[in-house]
Colleague: 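The structure is given below, and queries will be raised subsequently.
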Amino acid sequence: MPGLEDLYREIILDHYRSPRNRGELPAPPATRVEGFNPLCGDEIVVFVEVADGAVSDIRIGGQGCSISQSSASMMSAAVKGRTLDEVQALTRSFKAMMSIHEQSLDGEGEVVIEADPDVKLGDLEALRGVVKFPVRIKCATLSWNTLLQAIEESAASR
Amino acid sequence: MPGLEDLYREIILDHYRSPRNRGELPAPPATRVEGFNPLCGDEIVVFVEVADGAVSDIRIGGQGCSISQSSASMMSAAVKGRTLDEVQALTRSFKAMMSIHEQSLDGEGEVVIEADPDVKLGDLEALRGVVKFPVRIKCATLSWNTLLQAIEESAASR
Amino acid sequence: MAMSVGDPLEVAAIKKDFPILEREVHGGRLVYLDSANTSQKPQAVLDAMDRYYTQSNANVHRGTYLIAEEATAGLEGARAKVARFIGAKRNREVIFTKNATEALNLVAKAWGRAHLQAGDAVVLTELEHHANIVPWHQLAEEVGIELRWIPLGGDGHLDLTHLDRLVDGAKVVSFTAMSNVLGTMLPVERLTAAAHDAGAIAVVDASQHVPHVSTDVSAWGADFVAFTGHKMCGPTGIGVLWGTEAILDDTPPFITGGEMILNVTKEGFTANELPWKFEAGTPPIAEAVGLGAAVDYLSGLGMEAVREHEVSLTGYALRSLTERFGEQIQIHGPSEPAERGGVMSFTYADLHPHDLTQVFDQHGVCVRAGHHCAKVLMRQLGVAATARASLYVYNDEADVDAMADAITDAATFFGV
Amino acid sequence: MAMSVGDPLEVAAIKKDFPILEREVHGGRLVYLDSANTSQKPQAVLDAMDRYYTQSNANVHRGTYLIAEEATAGLEGARAKVARFIGAKRNREVIFTKNATEALNLVAKAWGRAHLQAGDAVVLTELEHHANIVPWHQLAEEVGIELRWIPLGGDGHLDLTHLDRLVDGAKVVSFTAMSNVLGTMLPVERLTAAAHDAGAIAVVDASQHVPHVSTDVSAWGADFVAFTGHKMCGPTGIGVLWGTEAILDDTPPFITGGEMILNVTKEGFTANELPWKFEAGTPPIAEAVGLGAAVDYLSGLGMEAVREHEVSLTGYALRSLTERFGEQIQIHGPSEPAERGGVMSFTYADLHPHDLTQVFDQHGVCVRAGHHCAKVLMRQLGVAATARASLYVYNDEADVDAMADAITDAATFFGV
Ligand SMILES: Cc1ncc(COP(=O)(O)O)c(C=O)c1O
Ligand SMILES: Cc1ncc(COP(=O)(O)O)c(C=O)c1O
């Protein structure tokens, strides 16, 4: 079955079957944010604790397909202990890999996000094949958008 | 120009150029009702006086195309002095000629109106050609519908 | 290829009427099992629209010239066809909208705003599509109506134990005629009668019913019935709201502008008569012509035969999937094919439906995964998503078998 | 046949792109002069829709399978094309509606209900189409806003003498970019600036502008811009509302249901992000694909060339009709072709427009007679109806001449 292996790399299935950082954190002090994929019904819950400008702890709840679940699991492993700046850079690089277009800062049309060449995606590289399946891109990015929102809310609540 | 002569018979153009019963009546005692053809903007004003169950006087105002104006003019001549029953029968026969379908009394679908064989349409026969020009049927019937409404309102106001 | 003996439809011939079914995807044939989402279109419908555009395209109800008269006849002829198809008593009871969603919004907002006030109750069911929920939520926010829910019972049916209490004092009972997730056929006449007994109006979302089951809105006794063109072999961009003349006359206009007025001044406006009062602006003319052709197509097949075909094919699907996959597959909804439409929501083992249907795609099998715009129902079912296969006139047992093969393949691929 | 030397468009070739123009009516060729009402469609647009239906028809934003992805790409690709065509900064600022009328209703009702209250003023012009009047009348009845009118001045232009006083304290200034009766091009940027200076939002009805004149909504500086697909070589059943992201974010959803939600529970709902928040239910998918092809077609001709062609042909028409009929013909609107679009409303002697255009039909000449959904303007002009000829890319001097011949014939027939 050509193509499917591009999407479902072994490491993805591994994270799907054994998700890292699954669970909850008491909120507060943690921030809890739910994310929805309106198309398929996937729901993700991100619990994040920010201390000294870094993600001190993170947990993932909710349910979804292998792509959204494994992306969340890999994300949680990748951001734990990182500074918020590092998390931002990682998110940008991940979205760049997903070929997400965003509006440019001066509002002149939409631009392709450029990856930071210094950021290493590690395991997350396995999700590169998702780009060939446009409907699934939202599955892969759901947890990231939810994390960004959680970090914003945690900043706002201080 | 084949076809146009079917629509614009000489008698129609005559009524258009020299409309009968053009003008106004003081209302009250007359009843005044405006009719609109929403498609072309034609507006007709019917002034009708009902006494002893008959149309004792009628005047026509407003503006419109040759078909709506001549139909109104012929109508005014045809109904003046007639009993309300005769006006109803005449209207039915006129609409039958226009192949207007109306909902049947028991509500079961729409039925073709049957003309009363005893009713003579006279000059109004000249409007028969309008049927071949469906958009113009509303022009021909505008004054009739306005008259019916005026008669209804005059009954209600007593 | 498995062929059903005695199928009331000649599916092999019907498939040829639908050009898209000749398409190859991923090197194999297209197996379209997502007609509850949108149906495919027969060539006759495309031809009717092309003929309209290349012969008679003009705006309607306006021009004195020939092609404008033809365009008007096309639109109004389509209205008459639809009226006959659903058993409407009068053509003017058929209002063209852009889809079923607009039709239901018209009811909730135009009729609802005019007739409901704070504290009034509207009864829905847990089976509803979002199109029959969200407009009522908006009205609840705006005027403070109360929503009540007829609960899901066993085997995909409603639990009607407390129906009388639920409708008591309600002003509206609004419900789907057939669930787009479970296929459940609701007891429309019973619900309509219960509504009327309680002094409420009955609104039926027939989006899944009209395409598949012979429909008689007058026999239903409903006040409003909504459905959508693209699920019944018609084009996108057109839906229908049917209402009794009495209730439509008692409903203020919704979307307003040109074509729906008798007069406009700086001070105000006077609305035109039915049906135009509700059709502001240029209507979906080509789409109406296409919908008329779709109605002709379905009438040609015969709605009784369509229904028989779907009952028998649904029976085959339920049997063969259960035989083949046993406990691994969980199919929601009524177990009795005669009590349901050809819509089957299912899950397989612990495979996420999204992953399952992704494998299906590799087999050319088109099946939708998700919440199917029925999140209230999904919560009641205790699932976030299902895979949903849905059948129509062009499907046969070979299509069902192709999906079953794809399930086997997915199970192997994911090692479950 | 009169041919314009140096016409920026090759009309003879363009005519061949529009299959309906090959049609015979009453034994002669079809002379279509009613494009302000609805335009004809080039084969490329019909082909794009047929290709969609025969290759990729599926519901959008839902399926994980190939044709659903293609359908989604078709819809979103069309959105991007439209955004580029009108100078939108972001695709998500482009909302697909069923027509311009729905777009203007969305503004008056969704934005208006949320932001206007009793006593607030909305400024319109006497040139407006009913689509930009009646929704505001409804809002006036509902919440008690006050309508103010920028009056008609000389030569078909607005009288802007008291503009500052009219917009003072207003919340909305809503106006057409080009009159559908007189062809008048309004000073959009000036009106938009006046609105903003007064703290009002600026709403532009560009239904007659986008098809004929290169449009840059961002340069206009407007808040909302509405237009319709069927007047710009696109299909029926689709319109567009453009709005700045800021104002769209500040507008509650209008029509609601599936596809426009993030979540729905029994208690309430959360709306999705732009543009889907405003696109409830199955969108006009094939129609969007067709509109995208229409935009490609017009871009291929070049909107500068389209405009130049229309200015020159309008000039020819104004000159030749005046030369030929002198005092007998009264043509409304700006006398200077550069200040107007190719829309000419006229009356001939005391012939009623309906009778005039009935004779036109015998010559295959399609011209509309009536109030053109602008009864407020008709009253200002002091007429109940006009005949209206309107030009587009496929018209040439021979078409204008054919209408002139038909006028002569009507004059003879009616003996005026
Ligand atoms: C200026 C103007 N605004 C709005 C409309 C309404 O467009 P539609 O009928 O497609 O909604 C029209 C066309 O009829 C128009 O000319
Ligand atoms: C039961 C039901 N109601 C309403 C709708 C909405 O139809 P549309 O999207 O055409 O408005 C659908 C289809 O999505 C449906 O299945």
Side-chain angles (χ1 to χ4, degrees), chain C residues 19-20 23 25 34 37-38 40-41 46 50 53-55 57-59 62-67 98-102 105 129-131 133-135 137-138 149 230 235-237 255-258 261 263-264 266 268-269 280-282 284-287 354 357-358 361 366 368-370 373 375-376, chain D residues 19-20 23 25 34 37-38 40-41 46 50 53-55 57-59 62-67 98-102 105 129-131 133-135 137-138 149 230 235-237 255-258 261 263-264 266 268-269 280-282 284-287 354 357-358 361 366 368-370 373 375-376:
Chain C
I20 201 172
R23 175 162 177 190
V25 287
D34 197 16
N37 203 345
T38 196
Q40 295 305 336
K41 325 301 174 198
L46 307 185
D50 274 341
Y53 278 128
T54 59
Q55 296 295 315
N57 176 65
N59 219 325
R62 294 177 176 178
T64 31
Y65 52 84
L66 185 71
I67 60 171
K98 67 173 174 178
N99 53 24
T101 303
E102 183 194 342
N105 275 263
H129 187 278
H130 293 161
I133 298 177
V134 185
H137 273 321
Q138 279 186 297
W149 301 83
H230 66 93
T236 53
I255 292 179
T256 57
I261 56 97
N263 197 19
V264 176
K266 285 190 188 173
F269 72 99
T282 303
I285 310 172
E287 290 75 8
H354 232 153
T357 59
Q358 189 77 58
D361 177 49
C366 306
R368 183 180 174 193
C373 297
K375 289 196 88 167
V376 168
Chain D
I20 200 172
R23 177 162 176 189
V25 288
D34 198 15
N37 203 346
T38 196
Q40 296 305 337
K41 325 300 174 199
L46 307 183
D50 273 343
Y53 279 127
T54 59
Q55 296 296 316
N57 176 64
N59 219 323
R62 295 176 173 178
T64 31
Y65 51 84
L66 185 69
I67 60 172
K98 69 174 171 177
N99 52 24
T101 303
E102 183 194 342
N105 275 264
H129 186 280
H130 293 161
I133 299 177
V134 186
H137 273 321
Q138 279 186 298
W149 301 83
H230 66 92
T236 54
I255 292 179
T256 57
I261 58 96
N263 197 21
V264 176
K266 285 189 187 172
F269 72 98
T282 303
I285 310 172
E287 290 77 6
H354 233 151
T357 58
Q358 189 77 58
D361 177 48
C366 306
R368 183 180 174 193
C373 297
K375 289 196 89 167
V376 168

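Chain A is the first sequence line, chain B the second, and so forth, proteins listed ahead of strands; every chain is numbered from 1.
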Colleague: How long is the gap from CD on E102(C) to CD on E102(D), to the nearest 0.5 Å?
Modeller: 6.0 Å
Colleague: Minimum heavy-atom separation for T236(C) and A286(D), please, with both atom names.
Modeller: OG1-N, 3.3 Å
Colleague: Can you see which heavy atom on K266(D) is nearest to which on H137(C), and at what distance?
Modeller: O-CE1, 3.0 Å
Colleague: Checking Q40(D) side chain against N57(C) main chain: does a donor-acceptor pair fall under 3.5 Å?
Modeller: yes
Colleague: Taking all atoms of both residues into account, what is the closest heavy-atom pair of K375(C) and N263(D), and its distance?
Modeller: NZ-OD1, 3.0 Å
Colleague: Supply the atom-to-atom distance T256(C) OG1 to H130(D) NE2, rounded to the nearest 0.5 angstrom.
Modeller: 11.0 Å
Colleague: Let me know if N59(C) has heavy atoms under 4.5 Å from chain D in its side chain, its backbone, both or neither.
Modeller: both
Colleague: Is any side-chain heavy atom of T38(C) closer than 4.5 Å to one of I285(D)?
Modeller: no
Colleague: To the nearest 0.5 Å, what is the distance between CG on D50(D) and CG on D50(C)?
Modeller: 4.0 Å
Colleague: Let me know if N99(C) has heavy atoms under 4.5 Å from chain D in its side chain, its backbone, both or neither.
Modeller: side chain
Colleague: Going by salt bridge (Lys or Arg N to Asp or Glu O under 4.0 Å), name the residues that satisfy it together with D34(D), two or more places apart in sequence or in a different chain.
Modeller: R388(D)
Colleague: For A58(C), what residues pass the side-chain contact (heavy atoms from CB on, under 4.5 Å) criterion, not counting sequence neighbours?
Modeller: Y65(C), I67(C), A68(C), A71(C)
Colleague: Taking all non-hydrogen atoms of both residues into account, name the closest pair between Q55(D) and R23(C) and its distance.
Modeller: O-NH1, 2.7 Å
Colleague: Looking at G258(D) and C373(C), what are the two nearest heavy atoms and their distance?
Modeller: CA-SG, 3.8 Å
Colleague: What heavy-atom pair brings P19(C) and T54(D) nearest, and what distance separates the two atoms?
Modeller: CG-CG2, 3.7 Å
Colleague: Which of the residues A100(C), G370(C), P235(C) is involved in the greatest number of heavy-atom pairs with chain D at under 4.5 angstrom?
Modeller: P235(C)
Colleague: Can you say whether I133(D) sits under 4.5 Å from chain C via the side chain, the backbone, both, or neither, judging by heavy atoms?
Modeller: side chain
Colleague: Side chain, backbone, both or neither: which part of I261(C) has a non-hydrogen atom closer than 4.5 Å to chain D?
Modeller: side chain
Colleague: Return yes if some donor-acceptor pair links the side-chain N/O of T64(D) with the main-chain N/O of H354(C) below 3.5 Å, else return no.
Modeller: no
Colleague: Check whether I255(C) gets within reach of chain D through its side chain, its backbone, both or neither, counting any heavy atom under 4.5 Å.
Modeller: both
